[in-house]
Amino acid sequence: MPAPSRLLFVNLPVADLKAAQAFFRSLGFTFDPKFTNDEAACMVLSDQAYIMLLERGRFADFARRPIADGQTEALLAISAESREAVDALTDEALGAGGTPAGDPMDYGFMYQRSFFDLDGHHWEVMWMSAEAIEAGPQDMAQTA
């Protein structure tokens, strides 16, 4: 039985909404104007995945616990279509004011790099070979 199709909305607090939008626009992301205003911006990752960037005060309206500050709350992983695309997106993020979040990881069948955005959110950009997606990473790790 196939899993139901669902939309994903990840909400992230940001200190400066305009700066966050400029940062992500420089990486090639777009924003849905129907769900964007002075306190929130809906960043489109795909037709089923969105990141809601919310001014910290607006984010606090929804949060039930204190906003994590300087701590890792989540790792946000996004795919890229090739190793070169991983490098291009990560290099663009670093050039736009992001900071490195670790060394590149190359497993042969999977490659990833990471960065912290302007608000310290940890992003992983990764590519995985079609064979690894089909076989599963454990099988690929044994042959790599």
Side-chain angles (χ1 to χ4, degrees), residues 3-141 144:
S5 178
R6 298 176 194 238
L7 299 178
L8 173 67
F9 295 90
V10 175
N11 296 275
L12 296 176
V14 298
D16 182 333
L17 184 60
K18 297 292 184 209
Q21 285 180 274
F23 175 81
F24 286 107
R25 273 195 185 101
S26 76
L27 304 183
F29 293 102
T30 61
F31 292 86
D32 186 336
K34 295 184 307 261
F35 300 102
T36 298
N37 59 34
D38 291 339
E39 297 178 313
C42 180
M43 185 169 76
V44 179
L45 292 182
S46 73
D47 61 349
Q48 293 188 314
Y50 306 87
I51 302 289
M52 293 299 299
L53 302 175
L54 300 165
E55 286 281 351
R56 290 177 69 85
R58 185 67 178 133
F59 184 90
D61 291 340
F62 299 105
R64 301 296 176 248
R65 294 182 177 170
I67 298 172
D69 206 6
Q71 303 166 2
T72 300
E73 178 74 25
L75 299 175
L76 304 161
I78 56 174
S79 64
E81 59 275 358
S82 66
R83 291 171 174 270
E84 296 78 18
V86 169
D87 287 335
L89 182 59
T90 305
D91 289 343
E92 191 69 36
L94 297 175
T99 57
D103 293 330
M105 291 190 264
D106 191 344
Y107 301 100
F109 66 93
M110 184 173 78
Y111 176 65
Q112 71 184 52
R113 289 180 60 195
S114 57
F115 64 90
F116 295 112
D117 67 19
L118 302 180
D119 290 281
H121 301 297
H122 188 151
W123 292 82
E124 300 280 339
V125 184
M126 55 85 58
W127 163 86
M128 186 180 295
S129 73
E131 294 84 10
I133 293 169
E134 184 67 31
Q138 278 73 12
D139 291 341
M140 292 305 294

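Just so we're clear, the structure is a prediction, and the values are computed from it rather than from any experiment. FYI, the numbering just counts along the sequence from 1. Below, each value reflects all heavy atoms present in this structure, side chains not excepted, and no hydrogens, waters or symmetry copies.
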Find out whether Val14 and Gln21 are in side-chain contact, i.e. whether some heavy atom of one side chain is under 4.5 Å from a heavy atom of the other. no
Let's go through Ser79 and Met126 carefully: what are the C-alpha distance in whole Å and the side-chain angles of both, what is the deciding distance for side chain to side chain contact (heavy atoms under 4.5 Å, CB included) to 0.1 Å, and is it a yes or a no? CA-CA 5 Å; Ser79 64; Met126 55 85 58; 4.3 Å; yes
Contact summary for Ala15 and Glu55, nearest pair of heavy atoms: O-OE1, 3.3 Å
Output for pair (Trp127 CH2, Asp87 CG), nearest 0.5 Å, gives 11.5 Å
What pairs with Arg58 under salt bridge (charged side-chain N to carboxylate O under 4.0 Å, His left out), at least two apart in sequence or on another chain? Glu39, Asp61
Approximate separation, where rounding is to 0.5 Å, of Glu81 CD and Leu89 CG: 9.0 Å
Mind listing the side-chain donor-acceptor pairs of residues 26-33 below 3.5 Å, one per line with the distance, residues two or more places apart or on another chain?
{"from": "Ser26", "atom 1": "OG", "to": "Phe23", "atom 2": "O", "distance (Å)": "2.6"}
{"from": "Asp32", "atom 1": "OD1", "to": "Lys34", "atom 2": "N", "distance (Å)": "2.9"}

Let me confirm one number: the CG-CZ distance from Leu12 to Arg56, rounded to the nearest 0.5 Å. 11.5 Å
Ignoring hydrogens, what is the shortest heavy-atom contact between Glu73 and Ala68? Give both atom names and the distance. OE1-CB, 3.6 Å
Using modelled atom types and a 3.5 Å cut-off, is there a donor and acceptor pairing between side-chain atoms of His121 and backbone atoms of Pro13? yes
Distance check, rounded to the nearest 0.5 Å: Phe115 atom CZ versus Trp123 atom CH2? 6.5 Å
Should the pair Arg113-Asp91 be classified as a salt bridge under the 4.0 Å nitrogen-to-oxygen rule? yes
What verdict does the side chain to side chain contact (heavy atoms under 4.5 Å, CB included) test give for Asn11 and Phe62, after you've listed the backbone C-alpha separation in whole Å, the side-chain angles of each residue and the deciding distance to 0.1 Å? CA-CA 10 Å; Asn11 296 275; Phe62 299 105; 5.9 Å; no
Taken to the nearest 0.5 Å, the spacing of Tyr111 OH from Met105 CE works out to 11.0 Å
Minimum heavy-atom separation for Leu94 and Thr99, please, with both atom names. CD2-C, 3.5 Å
Heavy atoms of Leu54 and Ala40 approach each other most closely as CD2-CB, 3.3 Å
Donor-acceptor contact present, side-chain Thr90 to main-chain Ser114, <3.5 Å: no
Tell me which pairs pass salt bridge (charged side-chain N to carboxylate O under 4.0 Å, His left out) where either residue lies in residues 3-22, with sequence neighbours left out. none
Rounding to 0.5 Å, atoms CG (Asp119) and CG (Leu17) come to a distance of 9.5 Å
Taking every heavy atom of Leu118 against every heavy atom of Gly97, the minimum-distance pair comes out as CD2-O, 3.7 Å
